[in-house]
Amino acid sequence: IVHIRFVVPKKKLIVFVKNRLVTIDAIMPLLIEMKEVYNMKSDIIVFDQLAHIGINENIVIRDALEYVGKEVYITKGKSNKILRRIHAIAALFFIIYDAFRGAKILHFGVLDQWPLNILGYIFKKNIYHVQGNAYNFDKFQHNDRSINKYTLVGSNLVSFGSKYINGIQIYDYRCTKIFEFGPPKKRSSWLQYIYGKSDYYFSHCHNNIDVSKGIIVIIMSSLDSCTPLLRDPSDKTQVKLFLETLDVLLKFSSQTPIFIKPHVYTNMTLLNNLIDNQDGVHITYLHPSVLATKSRIFIANQFSNTLADAHSLGVDTIEYTNYPESILKGTQGRSVSHKFVSYFINNDVNCFKNIVANILNNDFFLPSIQGVVDDESGLLSHLAK
């Protein structure tokens, strides 16, 4: 009698993230939907220590990661070089084991490089190269070179709205399947998840602040590093724009608290000095999508990708800035990413005052956001096979 044993495919996603949180932030809505709709858990593979620290310091991303699965930090807790290598080999063994059992592998470019590209060749049909941010930021692409078809290590390419990935048009890639999935942060499952936890996060992180009438959010720049996007790239221009922004907003802070969201590279010493003793001003590290659930307005002094999070939830976004003439000519007098900016104001503080007043003098209400449920690209069902 011949006994034939069939290996049951593993219902799991394996996600290799890069050393910045932007990749896990982009993919998380997709992972949440795969868990809720198809009961698929995810292993998030992290090699970089800064990415590991960033995940665990960001309460929203950390909680979402634990909700969809677990982090696999390859060098976690191993200071000894030999122990690190043993730990890495063991972790990779289990990744390969899951891959042989049918797990789908998503990545943002790491599997195109040696030695992990070996995985890409072995499990080619189950490899998905994914766009590294959650929206269409094609305006940043300046790749005009003529290229032949670029062959991916894996068979599948996933776009979240952009026509470019790594500076190359998606249809210039040679692969079996291209999935044009659309912005993952507009998915219904993500919006329900964020709105469902919004009150908890505000209570947990800012329990002494009344946010019932909405909040104002300022997205910070570095404040002190050179930025070619501004007319004068020095720190003085950044500080000047921030102080002008704050001066206008402080007139409303008694009714509408101001939440300042620093970037990882913001000079916190300088920022704290600039807001010292200002009532109604608070520094926050909450996720932009969570902030947007209570926000009346998002403001940045130079374009930030986080404006897209607010804009997708129906929040007014303002870029109050000071572009040089060369950039204004190239953008036709608009923001470098005008599709995510409700109001673009270039070096006109009076115009800025009027627009802010018009927005904040209206009653606050939470927008009704339905979110996207359908998947015309077929990506979700393809991952669930």
### Summary
In this structure, CZ of Phe242 is separated from CD1 of Ile299 (nearest 0.5 Å) by 10.5 Å

### Query
Does Leu286 offer a backbone N or O that forms a donor-acceptor pair with the side chain of Lys261 under 3.5 Å?
yes

#### Entry: Gln332 atom CD, neighbour heavy-atom count above 12 within 6.0 Å
no

### Query
Is it the case that more than 12 heavy atoms not belonging to Lys35 sit under 6.0 Å from its NZ atom?
yes

#### Entry: Chi angles and distances behind the side-chain contact (heavy atoms from CB on, under 4.5 Å) call for Leu383, Leu106
CA-CA 10 Å; Leu383 289 173; Leu106 294 79; 4.3 Å; yes

### Task
Output yes when Glu244 and Lys240 qualify as a salt bridge under the 4.0 Å nitrogen-oxygen rule, no when they do not.
yes

### Query
Is a side-chain N or O of Glu33 found less than 3.5 angstrom from the main chain of Ser189, in a donor-acceptor match?
no

### From NE2 (His107) to CG (Leu116), nearest 0.5 Å
10.0 Å

### Query
What heavy-atom pair brings Ser212 and Phe364 nearest, and what distance separates the two atoms?
O-CD2, 3.9 Å

### Task
Would you please indicate if the ring centroids of Tyr323 and Phe344 are separated by under 6.0 Å?
yes

### Message
Does this structure show an ion pair linking Lys185 with Asp25, if we count only N-O contacts that are shorter than 4.0 Å?
### Response
yes

### Least distance between heavy atoms, Ala91 atom then Ile74 atom
CB-CD1, 3.4 Å

#### Entry: Residues Lys294, Asp199: salt bridge by 4.0 Å N-O rule
yes

### Task
Examine distances only and state if a side-chain atom of Asn267 and a backbone atom of Leu270 form a donor-acceptor pair shorter than 3.5 Å.
yes

### Query
So does Glu180 pair up with Lys163, basic N to acidic O under 4.0 Å?
yes

### Task
List the atom of Arg296, the atom of Asp363, and the distance in Å for their closest heavy-atom pair.
NH2-C, 3.7 Å

### Task
Would you name the heavy atoms of Ala99 and Ile105 that are closest together and state the gap between them?
CB-CD1, 4.0 Å

### Message
Would the distance check show the side chain of Gln302 and the main-chain N or O of Ser221 forming a donor-acceptor pair, the cut-off being under 3.5 Å?
### Response
no

### Message
I need the minimum non-hydrogen distance between Ile178 and Ile170, along with the two atoms involved.
### Response
CD1-O, 3.3 Å

### Under 3.5 Å side-chain donor-acceptor pair for Asp276 and Gln278
no

### Task
For His382 and Lys104, work out which heavy atoms get closest and say how close.
O-NZ, 2.6 Å

### Query
Any donor-acceptor pair under 3.5 Å linking the side chain of Ser159 with the backbone of Gly161?
yes

### Query
Is Arg62 salt-bridged to Glu57, cutoff N-O under 4.0 Å?
no

### Intermediate values then yes/no, side-chain contact (heavy atoms from CB on, under 4.5 Å), Val356 and Tyr320
CA-CA 11 Å; Val356 168; Tyr320 174 60; over 6 Å; no

### Query
Above 12 or not: heavy atoms from other molecules or residues under 6.0 Å from OH of Tyr97?
no

### Query
Rounded to the nearest 0.5 Å, what separation is found between the CG atom of Leu328 and the OG atom of Ser335?
10.5 Å

#### Entry: Main-chain N/O of Asp247 paired with Lys251 side-chain donor or acceptor, under 3.5 Å
yes

